[in-house]
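To start, the structure under review is shown below, and the notes come after it.
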Amino acid sequence: MSRAGLGPRARLVAAGAVTTLVLLPLIWLWQASLVPGTYSIMDIGASSHAHSGGARTSVATLVADPAQPADVAVTLTARQERFQLASGRLVDGYTLNGRSPGPTIRAREGDLVQVTLVNASVSGGITLHWHGVDVPNAMDGVAGVTQDAVGLGDRFVYRFVAEQVGTFWYHSHQISHKQVSGGLLGALVVEPRVGRTPEALDVVALAHVYHGVRTLNGLEGDVSVRARPGRLVRVRVVNTDNGPTPVWVAGAPYRVVAVDGVDVNRGGEVHGRAVLLTAGARVDVAVRMPGDGGPVRVHVGGPRGVLLGSRPQGLPPAPVPRETLDLLSYGEPAPLGFDPDQPDRRFDYAIGRRPGFLDGRPGMFWTVNGRMFPNVPVFHVREGDVVRMRIANSSGEVHPMHLHGHHAVVLSRNGVAATGSPWWTDSLNVANGETYEITFVAANPGIWMDHCHNLPHAAQGLVAHLAYEGVTSPYLVGGAHGNQPE
Ligand code: C2O
Ligand code: CU
């Protein structure tokens with residue numbers, strides 16, 4: 001039948017029917033994408049109805065031993081203000097104790113760290129998340145999941161035992177895509193109780209971009225450090241930005257001695273290669289100062305970096321090496337402490353992108369296992385489970401994937417098995433087209449975010465959760481405290 005045979009009325013009806021056929025699914029998709037203003041993380045997710053009966057533990061009860069006194073006690077007072085970077089530049093953002101980055105917190109292994117966060121002037125509320133530290137869940141700092149945002153004039157006390165030695169950082173996890181880029185962050189270093197190389201010089205290099213201005217410890221030029229010939233220097237590079245950045249060394253070979261706070265087992269000398277530091281990740285590089293006193297520069301993302309030497313000056317910038325160190329084969333194998341070949345759970349975290357609606361707004365949005373937020377997965381585990389997770393990315397962009405509360409070890413990338421030092425990570429660079437297989441032991445009960453650390457991506461829904469059986473959260477996203485974790 002040809003359409004020419006239809007009368008005008010029939011044509012109108014047909015057009016109406018077609019319009020309805022097109023519109024109805026769109027309206028349905030739009031409606032299905034709406035996220036309520038207030039909701040519990042327990043009620044969202046693609047598998048949220050796998051609730052089990054039995055005992056219920058509130059995340060609020062998952063704390064460090066309240067009887068243990070603090071070994072390191074710090075108060076951090078947060079303000080939203082215009083402030084001066086160490087470089088002298090004025091920026092609008094957030095400070096802790098009047099500066100950004102906030103103070104570096106140093107503790108020794110086994111110390112009870114107690115940080116009192118005071119909100120002096122951040123109207124949207126704040127929290128602190130201890131990035132890379134497997135803290136008890138109530139201390140994880142995720143607004144609406146593990147606590148309420150700390151409102152104007154309020155305070156919150158974080159307490160955890162620094163069991164992991166290494167380089168970490170802290171940042172707000174309330175409206176984090178704004179507050180973190182605005183500077184509500186700082187470094188945390190946990191030193192070993194014994195076995196510290198006494199002659200090593202220890203330098204923190206925290207990279208952050210403030211309104212398009214690249215900085216290292218708030219400086220726009222080099223961070224200059226005096227180092228005698230022959231001295232061993234450990235530079236702890238922290239990437240607090242949303243994208244990956246290369247780190248390389250000019251003037252001497254170097255070793256990667258730790259990744260995401262975990263020591264690398266027998267990493268060899270690296271010459272003429274960069275190591276890629278993804279968003280949220282840390283890398284500790286060790287450099288032995290040459291006999292002539294250098295200078296040596298640990299480049300972080302560009303011409304500037306940490307400039308070391310008996311006279312730290314006058315070294316022209318070196319270009320980024322073309323080759324990148326592959327952590328999959330760097331260093332030597334060592335026991336993991338568990339058997340990943342008999343996993344209790346296998347999860348897929350497949351990242352894609354497609355047009356659709358997010359909370360009623362049309363656009364191109366990230367998907368996890370084919371679905372968009374809030375229909376993203378909740379990965380259910382039981383304490384003690386050995387978990388294997390496959391993270392695949394076909395979304396067209398890189399994603400720095402960060403699992404809270406756990407360290408995972410990389411088993412393979414694109415089907416190629418890891419052969420080097422155990423590559424423990426909490427912030428993994430998953431480039432477009434890549435597939436990683438990681439494994440970890442579910443040994444830290446709670447409800448944990450597992451999200452992209454390109455924080456605008458997280459705010460666009462690239463978020464999932466790892467939830468332990470029997471654990472519940474009394475907190476609400478939205479609600480009276482305006483909790484907004486991303
Ligand atoms: Cu460094 Cu969920 O974040
Ligand atoms: Cu991302």
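As a basis for the values below, the full set of heavy atoms in this structure was taken, side chains included, without hydrogen atoms, waters or symmetry mates. Order of appearance sets the numbers: ligands from 1, and atoms from 1 within every ligand. One is the number of the first residue; the rest follow in order along the sequence.
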message: Need the atom name: nearest N/O/S atom of H457 to the Cu ion (ligand 2).
response: ND1

field: Ion pair R345/D385, N-O distance below 4.0 Å
entry: yes

field: N, O or S atoms of the protein lying under 2.8 Å from atom 1 (Cu) of ligand 1
entry: H131 ND1, H171 NE2, H453 NE2

- line: Partner of M42 under side chain to side chain contact (heavy atoms under 4.5 Å, CB included), picked from I447, V145, V378, is I447

- prompt: Taking atom types as modelled, is there a side-chain donor on R353 or S395 under 3.5 Å from an acceptor on the other?
  reply: no

- request: Answer yes if the side chains of H399 and H457 hold a donor-acceptor pair under 3.5 Å, and no otherwise.
  value: yes

message: Would you call the rings of F347 and F379 parallel, tilted or perpendicular, taking 30° and 60° as the class edges?
response: tilted

query: Do E220 and Y210 have side-chain N/O donor and acceptor atoms under 3.5 Å apart?
result: no

message: Can you pull out every ring pair (Phe, Tyr, Trp, His ring centres under 6.0 Å) where at least one residue sits in residues 92-122? Sequence neighbours excluded, please.
response: none

- request: Have a look at the Cu ion (ligand 2) and estimate, to 10 degrees, the angle subtended by ND1 (H399) and SG (C452).
  value: 130°

